[in-house]
Structure formats: structure tokens, C-alpha cells
*Asks:* 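Quick one: the structure is below, and I'll ask about it shortly.
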Protein chains: 2
Amino acid sequence: MADSAGSQSGSRKAPLSRELVLSTALALVDAEGLDALTMRRLGQELDRDPMSLYRYAANRAALLDGVSELVLDELAIFPDDPDWQAQLRKIAHDLRLLALRHPNVVPLLVTRPLSTPLGLRPLGTLRPLEQILALLIEAGFSPAAALHVYRAYYGFLCGHILNELQEYIVDPEENEAILRLGLHRLPAKSFPHLRALGPVLADYDGAAELDQGLAILLSGLAGQLSIGQRESPS
Amino acid sequence: MADSAGSQSGSRKAPLSRELVLSTALALVDAEGLDALTMRRLGQELDRDPMSLYRYAANRAALLDGVSELVLDELAIFPDDPDWQAQLRKIAHDLRLLALRHPNVVPLLVTRPLSTPLGLRPLGTLRPLEQILALLIEAGFSPAAALHVYRAYYGFLCGHILNELQEYIVDPEENEAILRLGLHRLPAKSFPHLRALGPVLADYDGAAELDQGLAILLSGLAGQLSIGQRESPS
DNA sequence: GATACATTCTCTACGCTGTAGACTTTATGC
DNA sequence: GCATAAAGTCTACAGCGTAGAGAATGTATC
């Protein structure tokens, strides 16, 4: 018998479950990146035959969807908050922190919906949309206006997170080195401004910039609310 | 006898080049998606051994970077435009159209930089950043302020494009069907607003929404300009 | 023409991937 | 004890990226 790794000395291993599979997958992605999440590797991590995973996810794509869902489940939204702007700000910062906590999952979050029609996505990934719509409608926006506000808000939010993560470098020791090395590599002639910004690029206060952008956007969107209220029937 | 496609009847085939390889790769991605772009398949498309591609791209990742670059090269930016807001609006719409023209490349555009420190990216992907910085500095922003404006602007832009593409469905015939099918699948109890929005979701005027968002954002950002500098040259 | 060299392309092979299909083991109900 | 269902395993296949050696071709020099 091939009782390979640790586990119980007895014949039985811990029972598998979708939750266990997904959380192990997430841990693996967090630790070693998306590419490390292969069926074989995950099976090994769970001390099971890779094929057993197909009981809990129809295929690798579904597994990735599951991981997305699991991460988004960490996001708490309160659609009943009477201060919708404050709530949107809170959600934004929460999502930002979530992204920083699971940077390797962000490509998934942002990419998977591109290949799945809205209606067929995992429910967990649609929950934020639904709840933010609820929040906005509660705040007085018409459903259609709520959708537009959502799009502007969520688009901006995703964009910010992507942007920030693109400049983010894991090891702050190496940061300076790689940054300088990289920037030095740029032809001075065609990239003068970028090269000159080296030091400024190095300290990026993502939370502050997110706040600034949100302030602009939310106040603009709030303006549409008061206009809409004055003219349109509720 | 493997002389498959057209080409000369003689022994020689058309000479390969990086441009040819990349544009063929782009065509393949446009036509059949990112997954279809394998070394073997691309080799077959060019009627060459897959290994010959490694002369023109160090590996598959570099090939993907090359495709990103090729697409971004289509984007024209005029850093000398005296009306920076108009220029930013134009860039935004151009990039949006570019994304709609090459939807399968968007994941690449958005995802690849996440795994490459800024300084080590293909130069072609840094050009827009540099040129927009130039535009903003020319307009009177300090370099640091220009960077902040760029981040807010470009983040919003990317976010919008991603958002729009996520709701975009290729076949307008099937659109209604899949949409309804999908929405009908949603539990009415937990997704009331989303279900109710079906018709509104169906017609999404991306250009208009992009314009609206930009209007809010740019006017807000322009405000920072006038505050930042007491005496304005404009 | 002949020779040497550099470039370009091809061939073979290795270890990895997702997963279909048949099979074995274990838990459960009668 | 036995039937049935559920869970897990095994084997196998087609496809992937790409290392490394080799063949074919183009060019420079004599």
C-alpha cells in the first residue's frame, strides 16, 4: 500500500469537501501563484488522487471560479447603510485590502467574468453587484441610475486595484533595486518623465489615492442623484 | 508530404520575421481566443516547425508580451495637444475601441503587467504611460501630480473597459437568449434587483457611460490643477 | 567553384498538463 | 448478508512548452 505522506497512520484520511478543496486551492494560489494550482498538485496537497477533485469541481475552470467565489465571500456589504457614500467607500477599501491579501487571485477576479456571460457566473461573484444595487436604490437612485452609478464606481475601483497591484512589488528590499534597475534600462531619450519619477513611483499610498479618486467620483455621482430627484418621478 | 497550405510550390517558404510572427499570433488570438495561441498551433499557422518561433520570442510569455505590444502600438497619443482634457478623452475612446476590436487580448493587457515589475515590461506597453505623463506635465501639472492624475485616469479607463467587456456579448442574436436564460437562473429571492434590470442591462451604451465618468473625473482632476498652481499660464 | 561560417529552421524527446473511462473501495439501507 | 450508492483510485491519452542536437540554407572569403 502506498500510504505516502503523513496523515493518520490508519487507513482513513480526512474526508474531502468542496470547502476544504477550495480553501486548500486558495492557500496554494496565495502561496505559489495561479500556475501552481494544477489538479495534480492540489491532489498532492490534499493527499488524494487528483481525479478525486472532480467530485467537487467539474473541471479546472470551475475550480478557479470556486476560488474567486471564496475570496469574494470575504467581502461584507451592508445594503441598508443609510450613508451610501460612506458604505461605498468602505467597500472600496475592503476590496482593496482583499486584493492585497490575495494578489494572485486578482487576475482571476478580473479575467474570468470576461469569458462568462453575466447570467452564468457563479452566484457568489454576482452578490456584490446585487447588494450594491440594493444600496443605491435604497439611497434614492432609480434602478437604471443605480446600474450606471455601479458601473462607474465599480469600474473605477477595479481599475484602481489593478493599477496599484501593477506597481506593487512584493519584497520591499528588492523593490528599490529592481525598480532602479528597471528604470535604468529605459532609454533616457524616449522615457524621460518615467525615469525622473523613480522616487515618486517608489512610495505609492494606494489607500490615499483610492480615497481621492472616490471623493471626486462620488461627489459627481451624488450630483446626479439630486438632479434626478428633482426631475424624475420616484 | 506536409506541404499543407498554399505557399510556393518550390521548396522555399515565405521568410519569417518577428512582425509576421506577432501579427499572425494576434490574428489567431482575435479569431479563436488566447487558448488557441499555442506554439504548435502558431507554427502550423505559419507553416513552420513550432520551434522556429523561438527565434522571435524567447518563450510563450514573451510571445504574449509581443502581442500586447502590437495591440498597444495601435494607440496614438499626442502629448503636445494643448487641450489635455480633450486629448485624454480621445485616448480613452480610442483605447475602448481598441479593446472592442481585440477583446481577447484585453486579459493580456490587464494581467501581464501584474507579474512584471514596471521597469522590466516591454517598452511598447510603457509608452502610453510616458506620453500621458508628458501631456499632463505640459498642461501644467507637476510631475508627481501628473502621476497621480494618470493613475486616477488610467485606472478608471481600464476599469470601465473591463466592466463593459464583462457585460458584452458577442452574438446579439444569442444575447437576449443567454441573458434571459442566465438571469432566469438567478434565485429571485436573493437577486431581485439584478433580475429586474434585465432590459436595462441589455442595452449598454459604453461610449456614453465612459464619457459621463470621464466628465466627472476630469473636472475633478482639473480642479486640483488650478489649486496646485496660483498663477496659471493657460 | 570551394570552403568556412553564421543564421535559420527542423527533429526528437522529456516532463508536465487536464481529464475520460473503467475500476476498487467504502458507507448505507434493508 | 447483500444491494445500492457514493467516494476515491488507476490507467491512459492527447496536448502542452521547450531543451538540445542536428540539418538546411544564405553569405563572405579565397
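Any value given below was found using the heavy atoms of this structure, including those in side chains, with hydrogens, waters and symmetry copies removed. Lettering follows sequence order; numbering is per chain, from 1.
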*Asks:* Output all residues satisfying ring-ring contact (aromatic ring centres under 6.0 Å, His included) with Y204(A), sequence neighbours left out; order by chain, then residue number.
*Replies:*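 Partners of Y204(A) under the ring-ring contact (aromatic ring centres under 6.0 Å, His included) test: none.
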*Asks:* List the steps, then state whether side-chain contact (heavy atoms from CB on, under 4.5 Å) holds for L109(A) with I161(A).
*Replies:* CA-CA 11 Å; L109(A) 255 34; I161(A) 288 174; over 6 Å; no
*Asks:* Using side-chain contact (heavy atoms from CB on, under 4.5 Å), reason through L129(A) and F191(B) one step at a time and then give a plain yes or no.
*Replies:* CA-CA 9 Å; L129(A) 166 53; F191(B) 293 90; over 6 Å; no
*Asks:* Take the protein atom CE of M51(B) and the nucleotide atom C1' of dG20(D), then report the distance between them rounded to whole Å.
*Replies:*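 It works out to 8 Å between those atoms.
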*Asks:* Tabulate atom names and distances for all N/O pairs under 3.5 angstrom spanning the protein and nucleotides 14-17 of chain C.
*Replies:*
from, atom 1, to, atom 2, distance (Å)
dT17(C), OP1, T38(A), OG1, 3.2

*Asks:* dC10(D) P sits how many Å from D49(A) CG, rounded?
*Replies:*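 Taking atom P of dC10(D) as the reference, CG of D49(A) is at 6 Å.
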*Asks:* What's the CG-P distance between L63(B) and dG17(D), to the nearest Å?
*Replies:*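 Interatomic distance, CG of L63(B) to P of dG17(D): 10 Å.
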*Asks:* For the helix from dG1(C)-dC30(D) to dC30(C)-dG1(D), measure the angle between the helix axis at one end and the axis at the other, each built from five pairs, rounding to 10°.
*Replies:*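 Answer rounded to 10°: the end axes differ by 0°.
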*Asks:* Between T111(B) and L162(A), does the side-chain contact (heavy atoms from CB on, under 4.5 Å) criterion hold? Intermediate values first, please.
*Replies:* CA-CA 8 Å; T111(B) 274; L162(A) 274 175; over 6 Å; no
*Asks:* Send over the distance from R48(A) CZ to dT26(C) P, rounded to a whole Å.
*Replies:*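 These atoms are roughly 12 Å apart.
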*Asks:* Looking at dC11(C), dC9(C), dT9(D), which one has an atom nearest to any side-chain atom of Y56(B)?
*Replies:*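 Within the option list, the nearest is dC9(C).
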*Asks:* In this structure, how many angstroms lie between the C1' atom of dT18(D) and the CG atom of L42(B), rounded?
*Replies:*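 Value for this atom pair: 15 Å.
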*Asks:* Quick one: is Y54(B) getting a side-chain N or O under 4.0 Å of the dT7(C) phosphate, OP1 or OP2?
*Replies:*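 Checking Y54(B) against dT7(C): no side-chain N or O falls below 4.0 Å of OP1 or OP2.
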*Asks:* Answer whether the closest heavy-atom distance between the side chains of L42(B) and M39(B) falls below 4.5 Å.
*Replies:*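 No, every pair of side-chain atoms sits at 4.5 Å or beyond.
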*Asks:* Rounded to the nearest 0.5 Å, what's the gap from CG on L22(B) to CG on L63(B)? Could you check?
*Replies:*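 The distance works out to 6.5 Å.
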*Asks:* Take the protein atom CG of L16(B) and the nucleotide atom P of dT7(C), then report the distance between them rounded to whole Å.
*Replies:*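 Rounding to the nearest Å, CG of L16(B) and P of dT7(C) are 17 Å apart.
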*Asks:* By a strict heavy-atom criterion of less than 4.0 Å, which residues belonging to residues 22-29 of chain B are in contact with DNA chain D?
*Replies:*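 Those residues: none at all.
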*Asks:* Measuring only between side-chain heavy atoms, which start at C-beta, is Q87(A) closer than 4.5 Å to I77(A)?
*Replies:*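 They are in contact (side-chain heavy atoms under 4.5 Å apart), so the answer is yes.
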*Asks:* Figure out the CG/P separation between L53(B) and dT18(D), and round it to whole Å.
*Replies:*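 L53(B) atom CG is separated from dT18(D) atom P by 11 Å.
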*Asks:* Between L108(A) and V29(A), does a side-chain contact (heavy atoms from CB on, under 4.5 Å) hold up when you go through it step by step?
*Replies:* CA-CA 11 Å; L108(A) 234 54; V29(A) 170; over 6 Å; no
*Asks:* Distance-only criterion, 3.5 Å: show the donor-acceptor pairs between side-chain atoms of residues 94-102 of chain B and protein atoms not counting sequence neighbours.
*Replies:*
from, atom 1, to, atom 2, distance (Å)
D94(B), OD2, K90(B), NZ, 2.6
R96(B), NE, E164(B), OE1, 2.8
R96(B), NE, E164(B), OE2, 3.3
R96(B), NH2, E164(B), OE2, 2.8
R101(B), NH1, E74(B), OE1, 2.8
H102(B), ND1, D30(B), OD1, 3.0
H102(B), ND1, D30(B), OD2, 2.7
H102(B), NE2, E74(B), OE2, 3.1

*Asks:* Determine whether L53(A) and L46(A) make a side-chain contact, defined as any pair of heavy atoms from C-beta on separated by less than 4.5 Å.
*Replies:*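 Yes, side chains in contact.
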*Asks:* Closer than 4.0 Å, any side-chain N/O of S52(B) to the OP1 or OP2 of dT10(C)?
*Replies:*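 For S52(B), the contact criterion (side-chain N or O under 4.0 Å from OP1 or OP2 of dT10(C)) is met.
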*Asks:* Whole Å only: how far is the CZ atom of R55(A) from the C1' atom of dA5(D)?
*Replies:*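 Atom-to-atom, R55(A) to dA5(D), this comes out as 10 Å.
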*Asks:* Who are the side-chain hydrogen bond (donor to acceptor under 3.5 Å, both in side chains) partners of E45(B), not counting sequence neighbours?
*Replies:*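 If we apply the side-chain hydrogen bond (donor to acceptor under 3.5 Å, both in side chains) test to E45(B), skipping adjacent residues, the hits are R41(B).
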